[in-house]
Structures are given as C-alpha cells and as structure tokens.
Amino acid sequence: MARKAGQFSPIRLTLGGSRVEAAIRPGAPGRVRLRIEGGILQIETPGGTLREAEQLLEQKARWILKHTRQQSAAQNQAQAYREALDKQAAIMGRIRQLVFESAAETHYRLQGDHLVIFAPARLLHRRTELAAFALRKLAENYLTRRTRELAQLTQSQVNAIRVKS
C-alpha cells in the first residue's frame, strides 16, 4: 500500500475483544511507535505495516485500551461542556447560569449565581463564542490578581500573564 510518509491511514484493529480506532503510517527505521491522540491509536512502523507492530500491540493492549477510553470519555465530556456553554458554566467551583444582554460593548459581570455577558445585539446569536470570551477574560483577571498577590507575599516579581483557550 503506497502512502505519503506523513499521512496516517485508518485501519481496523481489535485488542482484547474491543474495537480500537487506529491509524498507521511509515515511521523511523528500526522503531515502532504508539501514540494516542484524540482517542485514536496512532501507529508508526518502519514499513508502515501492522505486522511490524503486532508484538508491541499485544504487550501494550491494556495500556492502549485504558488510554483510548480515557481520551474518548474526556472528549465526550468536553463536547458536552461546549454544547452547554451557552446556558451555564462552572466558575469558581459553582455552576452559574449564563445570561446574555444587549450592550454597546462586549463585557461581563458576575451577579450572584449568574454570569451576565453583555454584547452588541448583532453578536448575541454567537453565544458559545461570547461565553468563551467572558470565561477567558474572567480567568485572566482572576489569575492576574491572584498571581500578583502571591508575588507580593513572596517578594517576587511578575512581568506578564497570558491566558489562552
């Protein structure tokens, strides 16, 4: 089977009686590499064939099954969280309801058990993106304030703090 060196090809794989999503590609000479990325087992073998990895797959079957299940469960949980993000979010250890209101500029405010997100009316249909923006800014503000407090207590210096998604 001819493949480009960098491309994974999906394969059918069963380990311990369980189906595992897997893909294979040619890799470095003399080395078989297994990696689980996004719940998919990625296999690299010198010739890009499954036969080259059979022994290692048998040895690592429990590890593979455990970690593919964990990653799949984590992805499902993250997806469910993203789908609910326009309704509620976990903030400071509490589930808070999200409320969206029209305003001239985008900003947010914690009010009791609610996170109120203000945005121009033309953006209110993009609730998930607005919620992610507000949560990122909330985290940035909290972490900046808390880090500076801790730096002051320990007589340390903080130059910059960046929060990414």
Side-chain angles (χ1 to χ4, degrees), residues 1-98 100 108 110 113-115 117 125-147 150-151 154 156 158-165:
M1 173 187 296
R3 284 188 280 280
K4 292 183 182 174
Q7 292 181 326
F8 279 98
S9 298
I11 59 171
R12 294 180 187 267
L13 185 63
T14 303
L15 292 173
S18 297
R19 173 128 167 68
V20 175
E21 278 194 70
I24 192 165
R25 75 175 178 191
R31 182 176 91 169
V32 175
R33 180 176 177 203
L34 303 177
R35 182 172 72 182
I36 300 169
E37 190 73 37
I40 298 172
L41 173 63
Q42 297 177 346
I43 306 165
E44 291 183 29
T45 64
T49 66
L50 190 57
R51 178 171 287 154
E52 296 169 298
E54 283 176 349
Q55 185 178 1
L56 185 60
L57 289 169
E58 287 175 24
Q59 291 173 359
K60 299 292 183 182
R62 284 183 46 199
W63 178 86
I64 292 166
L65 291 170
K66 175 184 173 186
H67 286 87
T68 53
R69 287 179 184 140
Q70 283 178 344
Q71 283 194 13
S72 293
Q75 281 184 318
N76 292 341
Q77 187 177 10
Q79 180 63 30
Y81 183 78
R82 280 191 297 275
E83 289 172 0
L85 192 54
D86 65 340
K87 299 173 195 71
Q88 63 184 17
I91 303 169
M92 307 288 186
R94 292 171 43 195
I95 300 294
R96 297 183 195 251
Q97 298 303 310
L98 303 184
F100 296 86
Y108 68 90
L110 274 174
D113 283 339
H114 294 84
L115 174 63
I117 301 168
H125 70 283
R126 298 168 68 176
R127 292 174 153 230
T128 303
E129 292 173 49
L130 288 169
F133 165 81
L135 292 170
R136 192 169 36 254
K137 286 296 186 186
L138 183 68
E140 186 177 318
N141 291 339
Y142 174 79
L143 291 171
T144 299
R145 186 181 77 244
R146 189 71 181 122
T147 302
L150 292 171
T154 60
S156 302
V158 177
N159 293 328
I161 297 171
R162 288 181 63 189
V163 175
K164 295 183 179 182
S165 294

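For the numbers below, each heavy atom of this structure counts, side chains included, while hydrogens, waters and symmetry mates do not. All values derive from a computational prediction rather than experimental measurement.
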*Asks:* Nearest 0.5 Å, please: how far is CD1 in Ile91 from CG in Leu115?
*Replies:*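 Rounded to the nearest 0.5 Å, the CG-CD1 separation comes to 4.5 Å.
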
*Asks:* How would you list all residue pairs meeting ring-ring contact (aromatic ring centres under 6.0 Å, His included) that involve residues 11-62, not counting sequence neighbours?
*Replies:*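 For residues 11-62, and leaving out neighbouring residues, there are no ring-ring contact (aromatic ring centres under 6.0 Å, His included) pairs at all.
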
*Asks:* Taking atom CZ of Arg35 and atom CZ of Phe8, what is their separation to the nearest 0.5 Å?
*Replies:*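 If I round to the nearest 0.5 Å, the distance is 6.0 Å.
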
*Asks:* Could you check Val32, Leu15, Val20 and say which one makes a side chain to side chain contact (heavy atoms under 4.5 Å, CB included) with Leu57?
*Replies:* Leu15

*Asks:* Once side chain to side chain contact (heavy atoms under 4.5 Å, CB included) is applied, do any residues pair with Lys66, and if so which ones, sequence neighbours excluded?
*Replies:* Gln70

*Asks:* Nearest 0.5 angstrom please: Ile43 CD1 to Arg25 CZ, how far?
*Replies:* 12.0 Å

*Asks:* Going by the rule side-chain hydrogen bond (donor to acceptor under 3.5 Å, both in side chains), which residues pair with Arg12 if we only count those two or more places apart in sequence or in a different chain?
*Replies:* none

*Asks:* In chain order, what residues pass the salt bridge (charged side-chain N to carboxylate O under 4.0 Å, His left out) check against Arg33, with sequence neighbours excluded?
*Replies:* Glu44

*Asks:* Provide the closest heavy-atom pair for Tyr108 versus Asn141 in the form atom of the first, atom of the second, distance.
*Replies:*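 Distance-wise, the nearest heavy atoms are OH-ND2, 2.8 Å.
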
*Asks:* Using distance only, find each side-chain donor-acceptor pair of residues 71-78 under 3.5 Å and give its atom names and separation, not counting sequence neighbours.
*Replies:*
from	atom 1	to	atom 2	distance (Å)
Gln71	OE1	Gly38	N	2.9
Gln71	OE1	Gly39	N	2.8
Gln71	NE2	Ile36	O	3.2
Ser72	OG	Thr68	O	3.0
Gln75	NE2	Gly38	O	3.4
Asn76	ND2	Ser72	O	3.3

*Asks:* Return a table of donor-acceptor pairs under 3.5 angstrom between the side chains of residues 127-134 and protein atoms on other chains or two or more places apart.
*Replies:*
from	atom 1	to	atom 2	distance (Å)
Glu129	OE1	Arg126	NE	3.2
Glu129	OE1	Arg126	NH2	2.6

*Asks:* Excluding sequence neighbours, so at least two apart, what forms side-chain hydrogen bond (donor to acceptor under 3.5 Å, both in side chains) with Arg145?
*Replies:* none

*Asks:* Considering residues at least two apart in sequence or located in another chain, which fulfil the salt bridge (charged side-chain N to carboxylate O under 4.0 Å, His left out) criterion with Glu52?
*Replies:*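 For Glu52, no residue satisfies salt bridge (charged side-chain N to carboxylate O under 4.0 Å, His left out) once neighbours in sequence are set aside.
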
*Asks:* Hey, are the side chains of Glu140 and Lys137 touching, using non-hydrogen atoms and a 4.5 Å cut-off?
*Replies:*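 With C-beta onward as the side chain, the pair touches.
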
*Asks:* Taking the side chain as every heavy atom from C-beta outward, state whether Gln97 and Gln88 have any atom pair closer than 4.5 Å.
*Replies:* yes

*Asks:* Suppose we screen for ring-ring contact (aromatic ring centres under 6.0 Å, His included). Which residues come up paired with His67, at least two apart in sequence or across chains?
*Replies:* Trp63

*Asks:* Mind checking what makes side-chain hydrogen bond (donor to acceptor under 3.5 Å, both in side chains) contact with Arg162, not counting sequence neighbours?
*Replies:* none

*Asks:* Just one of Ile24, Leu65, Leu13 clears the side chain to side chain contact (heavy atoms under 4.5 Å, CB included) bar with Leu41, so which one?
*Replies:* Leu13

*Asks:* Could I get the full list of side chain to side chain contact (heavy atoms under 4.5 Å, CB included) partners for Val158, not counting sequence neighbours?
*Replies:*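 If we apply the side chain to side chain contact (heavy atoms under 4.5 Å, CB included) test to Val158, skipping adjacent residues, the hits are Thr147, Ala151, Ile161.
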
*Asks:* Kindly write out the residues that satisfy side chain to side chain contact (heavy atoms under 4.5 Å, CB included) with Thr14, not counting sequence neighbours, or none if the list is empty.
*Replies:*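 Thr14 satisfies side chain to side chain contact (heavy atoms under 4.5 Å, CB included) with no residue once adjacent residues are dropped.
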
*Asks:* How many angstroms lie between atom CG of Leu34 and atom CG of Leu56, to the nearest 0.5 angstrom?
*Replies:* 4.5 Å

*Asks:* What's the spacing between Phe100 CZ and Ile117 CD1 if we round to 0.5 Å?
*Replies:*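 CD1 of Ile117 is found 4.0 Å from CZ of Phe100.
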
*Asks:* Taking all non-hydrogen atoms of both residues into account, name the closest pair between Ile11 and Ala23 and its distance.
*Replies:* CG1-N, 4.1 Å

